[in-house]
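Have a look at the structure below before the remarks.
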Amino acid sequence: MSDTAGTTRSGETDQSLQRKLNRKVIALSISAALGGFLFGFDSSVINGAVDAIKSDFGLDQLPFLAGFAVASALLGCAIGAYFAGRIADRLGRIPVMLIGAALFLISSIGSAFAFSVTDLILWRVLGGLGIGIASVIAPAYIAEIAPKRVRGSLGSLQQLAITLGIFAALLSDAILANAAGDANSPLFFGADAWRWMFVVCAVPAIVYGLLAWRLPESPRFLAGKGRHDDARAVLASVMPRAEVDGALDEIETSLREDKENARTASLRGKLFGLLPVVWVGILLSMFQQLVGINVIFYYSTSLWSSVGFDTGNAGTSLTISVVTAVVNVLVTFVAIFTVDKAGRRPLLLIGSIGMVVSLGVMAISFAQSVQVNGNPSLPGAWGPIALVAANLFVISFGATWGPLVWVLLGEIFPNRIRGKALGIAAAAQWLTNFAVTETFPALSAFSLPFTYGMYAFFALLSFVFVFFAVPETKGRSLESMDDLKVDRGGRAAKAAAALKASA
């Protein structure tokens, strides 16, 4: 009778774990994902300061240099992402998180005290190194510590943290600017408000560092260093004890195989010099940026003013930006609650179609622009249509491609190359982000319809790419990723066909 009761209690525990995520795992994943918050905060905090920086440093007639000051952090991100995996394999995941937090903290204070655009760019690049490190380590750490049945949902926390960082930065910028009168007016201790915007960046950096300090090391890293008892203890804290031995055996078997096949732990392959799976990760990263999502967050004010919205009014500009940021946060929960049920491929396909349609509508809307008193304006209902289409684009991206690319980057690579491959894929993402950010001002000056038509074309290519090249990783252990194959038959193909038909 006691055995039966024990079995029942055990069964009830297993069912409970399937219905409700283990609190410890959620806490660990949220702590790790705060690196995404740093990226979101940093990428948007500069928007509130950029006009004041132009004025203080005499950049009004140097648009390229001003744009480079905005985008320079992304170069640091690419470098940090490229080397993060290699450093993490040597030192561990937690020490690298702490390095990232320290770099971002130093960058925040340095940017606040910048005396020229030159040293501001240097501080921004340094902060980018920290963000790039965090962007790689967070999905890898979450993937290695989370049970496979909830790994997708927890991996999506990275994108949720990014969206919350964007919102928090916009909110803090608005509060500081309103308190001073504008971003270029003195606030506390005689320092301009824009400098305090960078000081505020130190807060999430400190919080991230303190939380990372308390995180347990990845069980895979511990097992790889021969610390099997420590690895067992970490696994026991995130999964039922009955599953610990099996999970540890799977990790150790994978590590032995990796050691035996060390000569194959290279990214080199026959497809343009790299393994096909590495190209899958690179192209996932590039398509996530090539659809132009960050244009909405980096250049929203200039975008809407170019088509006649009264963004000279601070209230109008803030409302548009904050509404878009809130939408971005909310729709990320769609991915969190559906990715482990629906799978990665179907959601990405749906997102691609949504982006094609919304970006296409934006391109058509901007094509209706007319000149009014020498300034562009969207006549009739075209202005609201463009605004709605922009938010539908954010919805399509935020519920699918935003979070799911981070999930897949933490999953698809074989264990023996995960650190290196993830670093290269993340670096490709940051470099593409930099290219899109730098080229948008010139492209928008040339033609907004062309620009958004080009982004719509990349969204269409992303659908084709996912359908033919991206494997499904739902429900698989990390140790089984070596034999991933793209399944274009069965439910995935039927879902894609249905989506194409409905479009």
Side-chain angles (χ1 to χ4, degrees), residues 34-60 62 65-77 79-80 98-135 161-162 164-212 297-298 301 314 318 321 325 437:
L34 276 179
F37 186 93
L38 296 185
F39 162 56
F41 200 99
D42 182 74
S43 65
S44 288
V45 77
I46 188 69
N47 287 339
V50 67
D51 288 338
I53 290 171
K54 286 181 183 179
S55 176
D56 279 7
F57 296 151
L59 303 180
D60 290 320
L62 298 169
L65 187 56
F68 189 77
V70 173
S72 57
L74 300 174
L75 294 178
C77 289
I79 297 170
L98 294 173
I99 292 172
L103 289 172
F104 192 76
L105 176 61
I106 295 169
S107 167
S108 302
I109 303 303
S111 297
F113 287 93
F115 54 84
S116 71
V117 68
T118 302
D119 74 304
L120 176 63
I121 289 173
L122 291 175
W123 293 120
R124 296 276 297 157
V125 171
L126 186 66
L129 289 172
I131 297 169
I133 287 172
S135 73
I162 292 173
L164 288 171
I166 291 171
F167 174 73
L170 291 170
L171 188 61
S172 66
D173 281 1
I175 292 172
L176 292 170
N178 288 334
D182 60 64
N184 211 21
S185 296
L187 192 55
F188 306 115
F189 306 107
D192 289 347
W194 72 264
R195 295 185 181 275
W196 285 102
M197 293 175 184
F198 286 113
V199 171
V200 171
C201 291
V203 176
I206 293 171
V207 172
Y208 177 57
L210 292 175
L211 290 176
F297 296 108
Y298 292 176
T301 300
L318 179 62
S321 298
T437 303

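Just so you know, residue 1 is the first one in the sequence shown, and it goes up from there.
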By side chain to side chain contact (heavy atoms under 4.5 Å, CB included) - contacts of L129 (at least two apart):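 Counting only residues at least two positions away or on another chain, L129 forms a side chain to side chain contact (heavy atoms under 4.5 Å, CB included) with I79, L103, L126.
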
Cut-off 3.5 Å, no hydrogens considered: what does the side-chain donor-acceptor table look like for residues 200-209, sequence neighbours left out?
none

Just how far is it from atom [atom1] of [X] to atom [atom2] of [Y], taken to the nearest 0.5 Å?
X	Y	atom1	atom2	result
F198	L120	CZ	CG	5.5 Å
L38	I162	CG	CD1	10.5 Å
M197	D192	CE	CG	10.0 Å
I133	F104	CD1	CZ	12.5 Å
T118	F57	OG1	CZ	9.5 Å

Distance-minimising heavy-atom pair for F113 and R195: C-NH1, 3.5 Å

Closest non-hydrogen atom pair between A212 and L98, with its separation: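 Distance-wise, the nearest heavy atoms are CB-CD2, 4.0 Å.
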
Qualifying residues under ring pair (Phe, Tyr, Trp, His ring centres under 6.0 Å), relative to F188, sequence neighbours excluded: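 Partners of F188 by the ring pair (Phe, Tyr, Trp, His ring centres under 6.0 Å) criterion, ordered by chain and then number, come out as W196.
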
Main-chain N/O of W123 paired with S107 side-chain donor or acceptor, under 3.5 Å: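 The answer is yes, because a donor-acceptor pair under 3.5 Å joins these two groups.
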
Polar side-chain atom of R124 near backbone of G76 as donor-acceptor pair, under 3.5 Å: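 Checking the backbone N and O of G76 against the side chain of R124, no donor-acceptor pair under 3.5 Å is found.
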
Minimum side-chain heavy-atom gap D173-W194 below 4.5 Å: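 The answer is no, as the side chains (C-beta and beyond) never meet within the 4.5 Å cut-off.
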
